[in-house]
Amino acid sequence: MFHRLFTLFFLAIILAISSFQSASAQDRFHGYLIDSHAPVGTSWTVVQSTPLWGNPFEQGAPRINAIPRGAVMTATSGFRNTATGIYLQVNYNGAVGWIDERFIRQHSGRVPNPVTNVASGISYNVINVNNWASLRQGDSAQSRRLARVPRGAIVVTTGQQVQAGGLTWLSVSYSGIHGWMPTRYLGKAGVVVPQNNPPTAGTGGNGAYPTGQYRIVNVNNWASLRASPNRSARRLTTVPRGHVVEYFGERSRGGGELWLRVQRGGFSGWMPVQYLALN
C-alpha cells in the first residue's frame with residue numbers, strides 16, 4: 001500500500017514538472033507569454049501606424065482607423081494568439097481595443113524619430129549585401145527581424161521614411177510582410193536610392209512596375225478591383241489580402257494616385273499601386 005501511494009505521489013510530481021515546463025515553453029512576444037496577464041498596466045509605443053480593433057480577429061470596422069506612430073498606450077490584458085495574428089488589448093486615450101503586436105514595442109520613454117511621408121508603391125532591389133538584408137520591425141538595427149530579404153529581391157515602399165541611428169530608413173513591404181530597411185541596402189537599376197526624396201516611379205510597363213504577378217498588401221482584409229482608375233468607380237470584385245493578381249503593363253493616374261490595370265479570375269480592372277507588391 002505504501003509503495004503504491006509513493007508511486008502515485010512521484011507520478012504527480014512528474015506531471016506537475018512537465019506541465020510547468022510546457023507552460024514555460026510557450027511562445028513569448030516582447031518577453032511575455034501569450035494569454036498571460038503580465039503586461040497589464042505596462043506602456044507601449046506604436047512603431048508603425050496601425051488600426052485599433054474592437055476584437056483580436058480584424059473583423060468589422062476598426063475602432064480607430066490609424067493610431068499614429070509614436071503614440072503611447074496602456075495594456076489592459078495579455079497577448080492573445082488568433083487566426084489572424086498576435087494581439088494585445090490596450091487603452092488608447094480612453095478607447096479600449098486590440099492592436100497587432102508587430103507594430104508596437106514596450107515604451108522606453110524615448111521619443112520616436114519624426115516620420116516623413118514619401119511616395120508609396122515604389123519598387124527597389126536589395127543591394128550592397130552579401131546574401132540578404134534584414135527587414136526589421138522598427139527603424140533600428142536592434143529591432144526584431146521580421147524577414148531576411150535576399151540580394152536582388154524586390155521590396156515596395158509603403159509611404160514612410162525616418163532618420164534614425166545615422167541611417168535613413170524606409171517602410172517597405174516584402175511578400176506581404178511590412179517593416180523597415182535602411183536605404184543603403186536599396187537600389188534601382190544598380191543605383192543606390194538617395195538618402196532623401198526617393199525617385200518617383202519609372203515609365204512603361206517594364207519600369208518600376210514590371211509585368212507579372214502582384215500580391216495584395218497594405219489592406220486590412222481586401223482591396224477593390226474597380227472598373228476605372230478612380231476610387232469612386234464601380235467595384236468589379238474584391239481581392240483578399242495576400243492573394244495574387246496579374247499585371248500586363250497598362251497603368252494610369254486618377255484621383256492623385258497611380259493605378260495598374262490587373263486581372264483577377266474573369267475580372268480585369270484597376271487597383272492603386274499602394275495595394276500591390278511584386279510577387
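Numbers here simply count residues along the sequence, with the first being 1. Just so you know, these numbers come straight off a predicted model, no measurement behind them. Atom set for the values below is all heavy atoms of this structure, side chains included, hydrogens, waters and symmetry mates excluded.
Taking both residues in full, the closest heavy atoms of Val156 and Ser123 are given as CG2-OG, 3.9 Å, listed atom of the first, atom of the second, then distance. Contact record, Leu146 with Gly179: CD1-CA, 4.1 Å, taken as the closest heavy-atom pair. Looking at every heavy atom in both residues, Arg184 comes nearest to Asn128 through O-ND2, 2.8 Å. Closest of all the heavy-atom pairs between Leu88 and Ala75 is CD2-CB, 4.0 Å.
Scanning for salt bridge (Lys or Arg N to Asp or Glu O under 4.0 Å) contacts around Arg215 gives an empty result, with sequence neighbours left out.
Side-chain atoms of Asn125 and Arg151, non-hydrogen and from C-beta on, never get closer than 4.5 Å to each other. Considering only heavy atoms from C-beta on, Ile99 comes within 4.5 Å of Ile67 through its side chain. Annotation: side chain of Val217 is in contact with side chain of Ser173 (closest heavy-atom distance under 4.5 Å). The side-chain heavy atoms of Gln263 and Phe248, taken from C-beta on, include a pair separated by under 4.5 Å. Counting heavy atoms from C-beta outward, Arg102 and Tyr87 have side chains that stay 4.5 Å or more apart. Taking 4.5 Å as the limit, some side-chain heavy atom of Arg264 sits within range of a side-chain heavy atom of His243. Counting heavy atoms from C-beta on, the side chains of Val155 and Leu186 come closer than 4.5 Å.
Distance check, rounded to the nearest 0.5 Å: CD of Glu246 to CG of Leu260 gives 12.0 Å. Rounding to the nearest 0.5 Å gives a distance of 11.5 Å between CG of Asp139 and CD of Gln161. Here the straight-line distance linking atom CD1 of Ile104 with atom OG of Ser43 works out to 11.5 Å at 0.5 Å rounding. Note that CD1 of Ile154 and OH of Tyr174 are 10.5 Å apart. Values are rounded to the nearest 0.5 Å. Here the CZ-CG distance, from Arg63 to Asn55, works out to 8.5 Å after rounding to the nearest 0.5 Å. Between atom CD of residue Gln89 and atom CG of residue Leu52 there is a gap of 9.5 Å, rounded to the nearest 0.5 Å.
Tracing side-chain contacts under 4.5 Å through hydrophobic residues (I, L, V, M, F, W, Y), one never reaches Val46 starting from Val96; they form parts of separate clusters. Residues Tyr185 and Trp132 do not share a hydrophobic cluster, defined by chaining ILVMFWY side chains whose heavy atoms lie under 4.5 Å apart. No chain of hydrophobic side-chain contacts below 4.5 Å, direct or via other Ile, Leu, Val, Met, Phe, Trp or Tyr residues, connects Tyr92 to Trp53. Note on Val47 and Ile177: separate hydrophobic clusters, where clusters join Ile, Leu, Val, Met, Phe, Trp and Tyr whose side-chain heavy atoms are under 4.5 Å apart, directly or indirectly. Linking Ile, Leu, Val, Met, Phe, Trp and Tyr whenever their side-chain heavy atoms come within less than 4.5 Å puts Leu258 and Val172 in one cluster.
Proximity of a side-chain donor or acceptor of Thr157 to a complementary backbone N or O of Ile122 within less than 3.5 Å is detected. Remark: the backbone N or O of Gly94 is paired with a side-chain donor or acceptor of Asn91 at under 3.5 angstrom. In terms of modelled atom types and a separation under 3.5 Å, the side chain of Arg136 and the main chain of Ser143 share a donor-acceptor contact. Of the possible polar contacts, one joining the Trp259 side chain to the Gly254 backbone as a donor-acceptor pair under 3.5 Å is found. Between the Thr158 side chain and the Ser171 main chain, a donor and an acceptor come within less than 3.5 Å of each other. One N or O on the side chain of Thr82 and one on the backbone of Gly85 form a donor-acceptor pair closer than 3.5 Å. No side-chain donor-acceptor contact under 3.5 Å links Asn81 to the backbone of Ile86.
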Enumerate, atom names and distances included, each donor-acceptor pair closer than 3.5 Å involving a side-chain atom of residues 265-277, sequence neighbours excluded.
residue: Ser268; atom: OG; partner: Arg261; partner atom: NE; Å: 3.4
residue: Tyr275; atom: OH; partner: Arg231; partner atom: NH1; Å: 3.3
residue: Tyr275; atom: OH; partner: Arg231; partner atom: NH2; Å: 3.2

Could you walk me through whether Arg80 and Glu101 satisfy the salt bridge (Lys or Arg N to Asp or Glu O under 4.0 Å) test, starting with their C-alpha distance in whole Å, then the side-chain angles of each, then the deciding distance to 0.1 Å, before giving a yes or no? CA-CA 10 Å; Arg80 184 169 177 185; Glu101 65 85 19; over 6 Å; no
Steps toward side chain to side chain contact (heavy atoms under 4.5 Å, CB included) verdict (Leu225, Val262): CA-CA 8 Å; Leu225 185 66; Val262 298; 3.5 Å; yes
Test side-chain hydrogen bond (donor to acceptor under 3.5 Å, both in side chains) on Asn230 and Ser228; report intermediate values, then the result. CA-CA 6 Å; Asn230 194 296; Ser228 61; over 6 Å; no
Stepwise side chain to side chain contact (heavy atoms under 4.5 Å, CB included) check, Gln160 with Leu170: CA-CA 6 Å; Gln160 293 182 319; Leu170 283 181; over 6 Å; no
Could you go step by step and tell me if Val245 and Ile216 meet the side chain to side chain contact (heavy atoms under 4.5 Å, CB included) rule? CA-CA 8 Å; Val245 296; Ile216 303 301; 4.3 Å; yes
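Between Phe79 and Trp44, the distance from one ring center to the other falls under 6.0 angstrom.
In this structure, a donor-acceptor pair under 3.5 Å is present between the side chains of Arg145 and Ser134.
Taking a cutoff of 4.0 Å between a charged side-chain nitrogen and a carboxylate oxygen, Glu58 and Arg241 qualify as a salt bridge.
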